[in-house]
Amino acid sequence: MPARRTATPLDSARVTRVRRRVLAWYDAHRRDLPWRHTTDSYAIWISEVMLQQTRVETVRERWVTFLSEFPDLGTLAAASEQRVLRAWEGLGYYRRARFLHRAAQSLVAAGASTLPDDVEALRALPGFGDYTAAAVASIAFGRRAAVVDGNVVRVLARYLGERGLHTQAATKRRIQAAADALLAPRRPGDWNQAVMELGATCCTPRTPECPTCPLRHDCVAWAEGDPTRYPHRAARKATPHYDIAAGLVWRRGRVLIARRKADGLLGGLWEFPGGKRRAGESLEAAMRREVHEETGLKVRSAEPFMSIDQAYTHFRITMHLFHCTAGAGMPRALACEEPHFVAPEDLDAYPFPRANRKAIDVLRTQGRGAGSAR
DNA sequence: TAATCGTGGTT
DNA sequence: TAACCAAGATT
């Protein structure tokens, strides 16, 4: 292993040099992203929330369509949560959409027609953490607030030779302090985007392109020879697998759906009733038990329809779907909300998790034949 | 502090 | 293929 290089201090000459190099690199290499063509703080806010833990290429199209449906703060505040969640479908981390909606309603209720323009007021809104408050304040309002996202952590950890685990508070404080010191005071929004852009396109996690990096001259990780050792991360645990059994419970050409509770996984989204199979239980028995527990309905016939694999952050599932016919009685909201039967053509109006939407798509294209998306 | 919260692309 | 990862926030 190469000897550890000692980082030179961030004196003012070095800070000036770094700012100049990184901004020049950004001016030459910045990607043409749709949200870089607006100064509308609302539109920039939407982009920042969408970009949380979500790839730029995914956000490109979704940002455009979201803004066409909700072009301003007032429109978003006036919309139903269901419509907002439907517009968010597929983006994941659905809590983001509910916080977005709630923040818009809060601002409009207070008489505002636009976002507040300082970090503290932004930080107080739901869904605004340190990163998003600094990002909106700097990019939309030119405030001198340094962002620290995953890119900034990686770039600065490598550049400075930061050896602490990136999850530790002391490490975060050091990275934030360095980001604060480096922030280019005349172009705070561009500076923040420049460092993030550098992390996203050059100082990447696995295969950084160090020869083209504007920071290679005095980067500790580059001098050591293996930048990918930074930032230091703790090992992850293996993710468990669960079998989920769910029913497409039909009655007179309509199918049963129910809404998940607002908190927790996939909160506020609709689904076909079902749940985890227990040890020793058959898939069909699990489906019958779950449908009954959640809606009070008993299922008559049941035939396998399809199985879908889905990976979540901390576990993965195989969802086994059955075509069923509903027994007598009205569905009740026992362990779900608003269970009711809907015509298949009306399912597009409801926000569904990805696995459920896949099943709906198969339903459309194949009718009620068996299929698999595994 | 550590766990939780989605999804799709990449390796 | 399974793990890793992405412009984080909340509890």
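We name chains A, B, ... by the order of the sequence lines, and we start the count at 1 in each one. Source: prediction; values computed, not measured.
Across B:dA3 and C:dA7, the matching C1' atoms stand 22 Å from one another, rounded to whole Å.
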When you compare the protein's N or O atoms with those of nucleotides 9-11 of chain C, which come within less than 3.5 Å of each other, and at what distance?
residue: C:dA9; atom: OP1; partner: A:G129; partner atom: N; Å: 2.9
residue: C:dA9; atom: OP1; partner: A:T132; partner atom: N; Å: 2.9
residue: C:dA9; atom: OP1; partner: A:T132; partner atom: OG1; Å: 2.5
residue: C:dA9; atom: OP2; partner: A:Y131; partner atom: N; Å: 3.4
residue: C:dA9; atom: N3; partner: A:R95; partner atom: NH2; Å: 2.9
residue: C:dT10; atom: OP1; partner: A:G127; partner atom: N; Å: 2.6

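In summary, A:R187 and A:D27 engage in a salt bridge, as defined by a charged side-chain N under 4.0 Å from a carboxylate O. Remark: A:R60 engages A:E57 in a salt bridge, criterion side-chain N to carboxylate O under 4.0 Å. Look at A:R36 and A:E197 and you find a salt bridge, because one of the NZ, NE, NH1 or NH2 atoms lies within 4.0 Å of a carboxylate O, short of that distance. Between A:E337 and A:R332 no salt bridge is recorded (no basic side-chain N to carboxylate O distance below 4.0 Å). A:D263 has no carboxylate O lying under 4.0 Å from a charged side-chain N of A:R95, or vice versa, which leaves the two without a salt bridge.
Atom-to-atom, CE of A:M196 to P of C:dA7 comes out at 9 Å; the value is rounded to the nearest Å. The interatomic distance linking A:R96 (CZ) with C:dA7 (P) rounds to 13 Å, in whole Å. Following rounding to the nearest Å, A:F352 (CZ) and B:dG6 (C1') show an atom-to-atom distance of 17 Å. What separates CG of A:D149 from C1' of C:dA7 is a distance of 5 Å, to the nearest Å. In this entry the distance linking CG of A:D309 with P of B:dT7 reads 14 Å, nearest Å. What separates CZ of A:R354 from C1' of B:dG6 is a distance of 11 Å, to the nearest Å. When the C1' atom of C:dA7 is taken as reference, atom CG of A:L198 falls 14 Å away, rounded to whole Å. As rounded to whole Å, 10 Å separates atom C1' of C:dT1 from atom CZ of A:R316.
For an aromatic pair to be called close, the ring centres must be under 6.0 Å apart, and A:W45 with A:F128 satisfies this. For A:Y242 and A:H320, the gap between ring centers reaches or exceeds 6.0 Å.
Taken together through direct or relayed side-chain contacts under 4.5 Å among Ile, Leu, Val, Met, Phe, Trp and Tyr, A:V59 and A:F99 form parts of separate hydrophobic clusters. Linking Ile, Leu, Val, Met, Phe, Trp and Tyr residues whenever their side-chain heavy atoms come within less than 4.5 Å places A:L23 and A:L182 in a single cluster.
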Residues A:W88, A:Y93; criterion ring pair (Phe, Tyr, Trp, His ring centres under 6.0 Å); working and verdict = CA-CA 9 Å; A:W88 204 266; A:Y93 289 140; over 10 Å; no
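Place A:A311 and A:Q168 on DNA chain B by their nearest nucleotides, and A:Q168 ends up nearer the 5' end.
Set against C:dA3, C:dC5, B:dT7, the side chain of A:R233 has C:dC5 as its closest nucleotide.
A:E293 pairs with exactly one of A:R288, A:K298, A:R278 by the salt bridge (charged side-chain N to carboxylate O under 4.0 Å, His left out) rule, that one being A:R278.
Shown for residues 54-68 of chain A: residues whose heavy atoms fall under 4.0 angstrom of DNA chain B, namely A:T54, A:R55. Proximity of residues 19-39 of chain A to DNA chain B (heavy atom under 4.0 angstrom from any strand atom) is not detected for any residue.
Not one side-chain nitrogen or oxygen of A:Q193 sits closer than 4.0 Å to the OP1 or OP2 atom of C:dA7. Contact check, A:Y94 against B:dT7: a side-chain N or O comes under 4.0 Å of OP1 or OP2.
At a cut-off of 3.5 Å, with distance as the only test, a side-chain donor of A:R96 or A:T54 sits close to an acceptor on the other residue.
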